[in-house]
Amino acid sequence: MSDFIPVNTPLLDGNEKKYLNECIDTGWISSEGPFVKNLEAEFSSYIGQKYGSCVANGSVAIDVAIRAMKEVYKWQDNDEIIVPNFTIISTAQSVVYNNLKPVFVDAEPYTWNIDTSKIEAMISPRTRAIMVVHIYGLPTDMNKIFELAKKYDLKIIEDAAQAHGQSYYNKKCGGMSDISTFSFYANKHIACGEGGIVITSSDKLIEKVNYFKNLCFSKDRFVHNDLGWNFRMSNLQAAVAYAQFEKLEKSIQQKIKMGELYQELLKDIPAQLPVHKTDYAQNNYWVFGLVLNPDVKFDAKEVMQKLADKGIGCRPFFYPLNEQPVFQKLGISDNIERPISRNLYKKGFYIPSGLGLKENEMYRVAEAVRSLF
Ligand SMILES: *Cc1c(COP(=O)(O)O)cnc(C)c1O
């Protein structure tokens, strides 16, 4: 269909091409190139932390972040990490890959972030850290997390893959924890196709991140004391990410404008729209999600099919982590129900939200959504 509106269209209208040409003209294409170094230095400083380490994507950023923490803080196998139940597999997968145990906490029904009031009951003597994920453009309510971390002596990990440039009060997301991660996947606020970064202010953690992401090379270069990974980011990816970073503030203002327009156009449909504003943040609408009201006869799957038939690309919300077949197979899930994340999956979906989306397309999307009810 020629007029199909995809769920995401990136906008590459800054210095992306110029910087890519620089890589080619200078021959700096590997991870040794200057865009990698500049992005690490400038993005970490923007976030308010000392160090950055670019990696191949946002998923391996979490792998290596947790690996570094396990090493530095001397966590043991099967120690536990609190993880939101409503998020991408990458978060819990990284915990499992590091021989730790994810403990899933249900979502909060309106912000869709981890329900901070349900965390304390899930803390055990083996809990070592709380991982938060700022969902869809609205930060997690961090003050409660800080309180619990202090009370139980826990570390905090922030997966800020959907929250570049977002703030909690006046603190940047990714700048409120022991270690944080970002993704630069094609649909993120900073997009370079595939890419990610780990951010921290700890000398020890950054040293281990850089070690494990780079095959654990030692001073005696080809002598290895540990097994790591090659998670390096190329200068080509960093060139695009750097150009996107230069216009981050502008992109976010644009996203907020788009969110406001959708809010206006969809205000009276029988669905819950994203929370526009809280005491601690203004939503920056990484994506625009909808959750159908309980009295709506159909679920998200049917709605997405109907919208696809009208030429509109949507995505379902996340599948609850505790119900993931892989975690049931591995015996990681317990029998506790997480009804909020279950309902979010059943009734939630998001509509085209990329920066490349045109205003007339947004009207078309909204009209198609309204026509369903
Ligand atoms: C996108 C995303 C990731 C994974 O990033 P990739 O670069 O796609 O590997 C991890 N966590 C969250 C919350 C994300 O949105």
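Quick note: numbers below take in every heavy atom, side chains included, and nothing from hydrogens, waters or symmetry partners. Just follow the structure's listing: the first ligand is 1, and inside any ligand the first atom is 1. Treat the numbers as computed from the prediction; the structure is a model and nothing was measured.
- The aromatic rings of Phe231 and Trp229 sit parallel, their planes meeting at an angle under 30°, below the 60° perpendicular limit.
- Within 4.0 Å of ligand 1, heavy atoms belong to protein residues Asn57, Gly58, Ser59, Ile88, Ser90, Val133, Asp159, Ala161, Gln162, Ser183, Tyr185, Lys188, Gly195.
- Using a 4.5 Å cut-off between side-chain heavy atoms of Ile, Leu, Val, Met, Phe, Trp and Tyr, with links allowed through other members, Met122 and Phe146 fall into the same hydrophobic cluster.
- Under 3.5 Å, the side chains of Asn322 and Asn85 contain a donor-acceptor pair of N or O atoms.
- Once rounded to the nearest 0.5 Å, the distance linking NZ of Lys172 with OG of Ser180 reads 13.0 Å.
- By the 30° and 60° cut-offs, the orientation of the rings of Trp112 relative to Phe317 is perpendicular.
- Less than 6.0 angstrom separates the ring centroid of Tyr345 from the ring centroid of Tyr319.
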